[in-house]
Amino acid sequence: KGSQTLEIFAVPHSDNFTTIGAEAFMDSTLRVVDLFDSVTTIGARAFANCAQLEELTIPDSVTSIGEGAFDGLTGLKKLTILCDPALIPEGSFLINDEPINAEIRLAANATDEQLSQANAALNRPWYDPLVRVGEASAFVKMPFEATDAANFELDPSNGTITTYTGTDADVVIPREIDGVTVTAIDRNAFEACRDYTNTETTTDRTDWVRLRSVVIPETVKTLGDDLFSYCQQLETVVCYAPLETTGGTAFMLCRSLNNVIFVNGVREIGNYAFDSAGPLGNLYFGGHLVKIGQQAFNFAGLTSFVADAERVEYGAFTECQNLTSLHFTARMKSFGENCIINCPNLAEICFDGCDLTTSPMGL
């Protein structure tokens, strides 16, 4: 405990080595440890605050783990849990109440129930659930080189990009600016890219940045409402940020918008998110979509859509003149009143396994 010289701990493999006592390595500089396949007991706070420990494998021989055994492992990059995940104390492997940013795997033979239990015990986020050894993580990090940070203004107090000052048509949002992680984008950040021609908005603007594509990194947690509204030349948005919501009116009047990909998923399509946007030929929201907001696709140009969500709100598909096919999956539990209004070319509606008796529906 507290050793500032210890880096590696290993002993000869022996069935006699079964117990790591309480606080055995707490607050030490331990970097490498081999728990072998004979350890059965890990005491309370045994490895607490071992900030330099980068890899840890908990063998399948372990039958008891004390509270706080793995608190404060801020440097952990790889964790393999071969024991019963139910043994992991609730709240383990958290830093400031957030899951550690480490690669975590369960045993190759772990059951789906054990995966579910471990996800709950380790407070894993919906967009990055645990997987087994040999399986790839579902979470994808942005692979592209970012646009020069000099093209953005950032509020360093909260990591919010407030303004895009560049002139590039294709923009990749950086993960960090001047050492500050980018976690949000303000609603007016792309004001210079808004084109108010052929709209009801009165303006004397004669020039604007003709934004064509935007890539958003996985560090971002929130997007401001109206973020890309009136960006009429915008064609493609690829978002690696796992989001709770797209934001309201996020893509309103993006009349050239064709590709919108939420790589790591989104939970909610905000109210009026795609109002008057189109053609929307390639949309992907992931498998965790919960809600399609009110009039989300109001006057949108999409021709077909698979609504793989739990509920759809009032007027979600209003005046979709080009819509020919609409498919609701078995995840759908609630249909808002008048969720489909004045879609003159709609030829097919598929309720694929939906229980239509559980919720009133108006079409």
Visitor: Considering only heavy atoms from C-beta outward, does the side chain of I177 approach that of I161 to under 4.5 Å?
Guide: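 Result yes, sub-4.5 Å side-chain heavy-atom pair found.
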Visitor: From I269 CD1 over to L243 CG, what is the distance, rounded to the nearest 0.5 angstrom?
Guide: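 The CD1 atom of I269 sits 12.0 Å away from the CG atom of L243.
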Visitor: Would you call E7 and R31 a salt bridge, using N to O less than 4.0 angstrom?
Guide: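 Salt bridge present between E7 and R31.
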Visitor: Side chains of Y164 and I185: does their closest heavy-atom pair fall under 4.5 Å?
Guide: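 Heavy-atom side-chain distance check fails, nothing below 4.5 Å.
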Visitor: If I take atom OG1 from residue T318 and atom CG from residue L323, how far apart are they, to the nearest 0.5 angstrom?
Guide: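 Atom-to-atom, T318:OG1 and L323:CG are 11.0 Å apart.
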Visitor: Tell me, with the steps shown, if E176 and T219 meet side-chain contact (heavy atoms from CB on, under 4.5 Å).
Guide: CA-CA 9 Å; E176 65 174 46; T219 59; over 6 Å; no
Visitor: Does D27 have any salt bridge (charged side-chain N to carboxylate O under 4.0 Å, His left out) partners at least two apart in sequence or in another chain, and if so, which?
Guide: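 If we apply the salt bridge (charged side-chain N to carboxylate O under 4.0 Å, His left out) test to D27, skipping adjacent residues, there are no hits.
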Visitor: Can you label the angle between the F328 ring and the F317 ring as parallel, tilted or perpendicular, going by 30° and 60°?
Guide: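 Aromatic pair F328/F317 classed perpendicular.
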Visitor: Do the side chains of L115 and P129 get nearer than 4.5 Å, heavy atoms only?
Guide: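 No - every pair of side-chain heavy atoms lies 4.5 Å or more apart.
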Visitor: Write down the atom of Y196, the atom of R194, and the distance for their closest heavy-atom approach.
Guide: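 Distance-wise, the nearest heavy atoms are OH-CD, 3.4 Å.
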Visitor: Decide side-chain hydrogen bond (donor to acceptor under 3.5 Å, both in side chains) for D37 and S61; before the verdict, give the C-alpha distance in whole Å, the side-chain angles of both, and the deciding distance to 0.1 Å.
Guide: CA-CA 6 Å; D37 55 5; S61 57; over 6 Å; no
Visitor: Can you tell me how the ring of F251 sits relative to the ring of F274, calling it parallel under 30°, perpendicular over 60° and tilted otherwise?
Guide: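 Because their plane-to-plane angle is under 30°, the rings of F251 and F274 count as parallel.
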Visitor: If Ile, Leu, Val, Met, Phe, Trp and Tyr residues are connected whenever their side-chain heavy atoms lie under 4.5 Å apart, and connections chain through other members, are F190 and F262 in the same group?
Guide: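 Looking at the clustering, F262 is in the same group as F190.
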Visitor: Rounded to the nearest 0.5 Å, what separates atom CG in L280 from atom OG in S256?
Guide: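 Interatomic distance, L280 CG to S256 OG, rounded to 0.5 Å: 11.0 Å.
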Visitor: So, does E191 use its side chain to make a donor-acceptor pair with the main chain of N188 at under 3.5 Å?
Guide: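 No, because the side chain of E191 does not come within donor-acceptor range (under 3.5 Å) of the backbone of N188.
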Visitor: To the nearest 0.5 Å, what is the distance between CG on L53 and OG1 on T29?
Guide: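 Separation between the atoms: 11.0 Å.
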Visitor: Strictly distance-based, threshold 3.5 Å: is any side-chain N or O of T246 a donor or acceptor partner for the main-chain N or O of G270?
Guide: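 The answer is yes, because a donor-acceptor pair under 3.5 Å joins these two groups.
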Visitor: Does R105 reach the main-chain N or O of E135 with its side chain, forming a donor-acceptor pair under 3.5 Å?
Guide: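 Checking the backbone N and O of E135 against the side chain of R105, a donor-acceptor pair under 3.5 Å is found.
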Visitor: Under the side-chain contact (heavy atoms from CB on, under 4.5 Å) rule, what do N49 and R45 come out as? Steps first, then yes or no, please.
Guide: CA-CA 8 Å; N49 303 324; R45 300 188 64 76; 3.6 Å; yes
Visitor: Pair up each side-chain donor or acceptor in residues 73-93 with any protein partner under 3.5 Å, not counting sequence neighbours, and list the distances.
Guide:
unit_1, atom_1, unit_2, atom_2, d
D84, OD1, A86, N, 3.0
S92, OG, P89, O, 2.7

Visitor: Minimum heavy-atom separation for L257 to T236, with atom names?
Guide: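 Taking L257 first and T236 second, the nearest heavy atoms are CD1-N, 4.1 Å.
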Visitor: Kindly give the heavy-atom pair with the smallest separation between R124 and I100, and that separation in Å.
Guide: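 Closest heavy-atom pair between R124 and I100: NH1-O, 3.7 Å.
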Visitor: Do L56 and V33 touch side chain to side chain, with heavy atoms closer than 4.5 Å?
Guide: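 Heavy-atom side-chain distance check passes, below 4.5 Å.
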Visitor: Check whether T249 reaches the backbone of D275 with its side chain - one donor and one acceptor, N or O, closer than 3.5 Å.
Guide: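 Not confirmed, T249 side chain does not pair with D275 backbone.
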Visitor: How about T183 and N158: do any of their side-chain heavy atoms sit closer than 4.5 Å?
Guide: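 A side-chain contact is absent here, since even the closest heavy-atom pair is not under 4.5 Å.
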Visitor: With side chains defined as the heavy atoms from C-beta onward, is the minimum distance between T147 and D168 less than 4.5 Å?
Guide: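 Yes, their side chains come closer than 4.5 Å.
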Visitor: Compare all side-chain heavy atoms of Y240 with those of P143 and state whether any distance is below 4.5 angstrom.
Guide: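 They are in contact (side-chain heavy atoms under 4.5 Å apart), so the answer is yes.
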Visitor: Quick check for you: to the nearest 0.5 Å, what is the distance between F351 atom CZ and H327 atom NE2?
Guide: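 Interatomic distance, F351 CZ to H327 NE2, rounded to 0.5 Å: 10.5 Å.
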Visitor: Does the side chain of R255 come within less than 4.5 Å of T199's, by heavy atoms?
Guide: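 Yes, close enough: below the 4.5 Å cut-off.
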Visitor: Taking the side chain from N264 and the backbone from A241, do they hold a donor-acceptor pair closer than 3.5 Å?
Guide: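 No, the answer is negative, given that no donor and acceptor are paired below the 3.5 Å cut-off.
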Visitor: For side-chain hydrogen bond (donor to acceptor under 3.5 Å, both in side chains), just list the numbers for S137 and D128, CA-CA rounded to whole Å, side-chain angles, deciding distance to a tenth of an Å, and then say yes or no.
Guide: CA-CA 7 Å; S137 171; D128 191 16; 3.2 Å; yes
Visitor: Would you please indicate yes or no on a ring centroid separation below 6.0 angstrom for F9 and F47?
Guide: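 Ring centres of F9 and F47 not closer than 6.0 Å.
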Visitor: For D34 and F36, indicate whether the former's side chain and the latter's backbone hold a donor-acceptor pair under 3.5 Å.
Guide: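 Looks like yes, one N/O pair under 3.5 Å.
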Visitor: Write down the atom of A46, the atom of I20, and the distance for their closest heavy-atom approach.
Guide: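 Closest pair (atom of A46, atom of I20, distance): CB-CG2, 4.0 Å.
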Visitor: Taking all heavy atoms of P242 and all of E218, pick out the closest pair and write down the distance.
Guide: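 Closest heavy-atom pair between P242 and E218: CD-O, 3.8 Å.
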Visitor: Evaluate E235 against N258 for side-chain hydrogen bond (donor to acceptor under 3.5 Å, both in side chains), listing each step before the verdict.
Guide: CA-CA 5 Å; E235 299 175 5; N258 190 48; over 6 Å; no
Visitor: Using side-chain contact (heavy atoms from CB on, under 4.5 Å), reason through I340 and F335 one step at a time and then give a plain yes or no.
Guide: CA-CA 10 Å; I340 305 171; F335 295 87; over 6 Å; no
Visitor: Between E313 and N271, does any side-chain donor sit less than 3.5 Å from a side-chain acceptor?
Guide: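 Distance-only check fails for E313 and N271.
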Visitor: How long is the straight-line distance from NZ of K333 back to CZ of R311, given to the nearest 0.5 Å?
Guide: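 With rounding to 0.5 Å, CZ (R311) is 10.0 Å from NZ (K333).
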Visitor: I'd like to know whether F228 forms a side-chain contact (heavy atoms from CB on, under 4.5 Å) with L211, so could you lay out the CA-CA distance, the side-chain angles of the two residues, the decisive distance to 0.1 Å, and finally the verdict.
Guide: CA-CA 10 Å; F228 298 111; L211 186 66; 4.3 Å; yes
Visitor: Answer yes if L122 and I65 sit in the same cluster of Ile, Leu, Val, Met, Phe, Trp and Tyr residues linked by side chain heavy atoms under 4.5 Å apart, and no otherwise.
Guide: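 Yes.
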Visitor: Treating N151 as the side-chain partner and D148 as the backbone partner, does any N or O pair qualify as donor plus acceptor under 3.5 Å?
Guide: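 A pair under 3.5 Å: yes.
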Visitor: Checking the side chain of Q232 only, and the main-chain atoms of T197 only, is there a donor and an acceptor separated by less than 3.5 Å?
Guide: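 Side chain of Q232 to backbone of T197, a donor-acceptor pair under 3.5 Å: yes, one is there.
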Visitor: Closest heavy-atom contact between R267 and E244?
Guide: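 Minimum heavy-atom contact is CB-O, 3.2 Å.
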Visitor: Has E113 got more than 12 heavy atoms of other residues, nucleotides or ligands less than 6.0 Å from its CD?
Guide: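 Open.
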Visitor: Is it true that R331 and D352 make a salt bridge, defined as a side-chain N closer than 4.0 Å to a carboxylate O?
Guide: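 Between D352 and R331 there is no salt bridge, as every charged N stays at least 4.0 Å from the carboxylate O atoms.
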Visitor: I'd like to know if the side chain of T40 and the backbone of T18 have a donor-acceptor N/O pair within less than 3.5 Å.
Guide: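 Present.
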Visitor: Among the clusters formed by ILVMFWY side chains lying less than 4.5 Å apart, do V260 and Y230 turn up in the same one?
Guide: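 Not linked; separate clusters.
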Visitor: Kindly indicate, with the supporting measurements, whether the criterion side-chain hydrogen bond (donor to acceptor under 3.5 Å, both in side chains) is fulfilled by E348 and S325.
Guide: CA-CA 5 Å; E348 179 185 70; S325 175; 3.1 Å; yes
Visitor: Treating Ile, Leu, Val, Met, Phe, Trp and Tyr as nodes and any side-chain heavy-atom pair under 4.5 angstrom as an edge, say whether V263 and M142 lie in one connected cluster.
Guide: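 Yes, one cluster joins them.
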Visitor: Please determine, by modelled atom types, if T329 and D308 share a side-chain donor-acceptor pair under 3.5 angstrom.
Guide: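 Yes, a side-chain donor-acceptor pair sits under 3.5 Å.
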Visitor: With the threshold set at 4.0 Å, does a side-chain nitrogen-carboxylate oxygen contact exist between R187 and D225?
Guide: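 No, this pair does not count.
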Visitor: Determine yes or no for a side-chain-to-main-chain donor-acceptor pair under 3.5 angstrom, with S64 supplying the side chain and T41 the backbone.
Guide: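 Absent.
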Visitor: Please tell me whether Q295 and Y272 have a donor and an acceptor in their side chains that are separated by less than 3.5 angstrom.
Guide: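 Q295 vs Y272: donor-acceptor pair found between side chains.
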Visitor: Is there a path of hydrophobic side-chain contacts, each under 4.5 Å between heavy atoms, that joins M252 and I216?
Guide: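 Each belongs to a different hydrophobic cluster.
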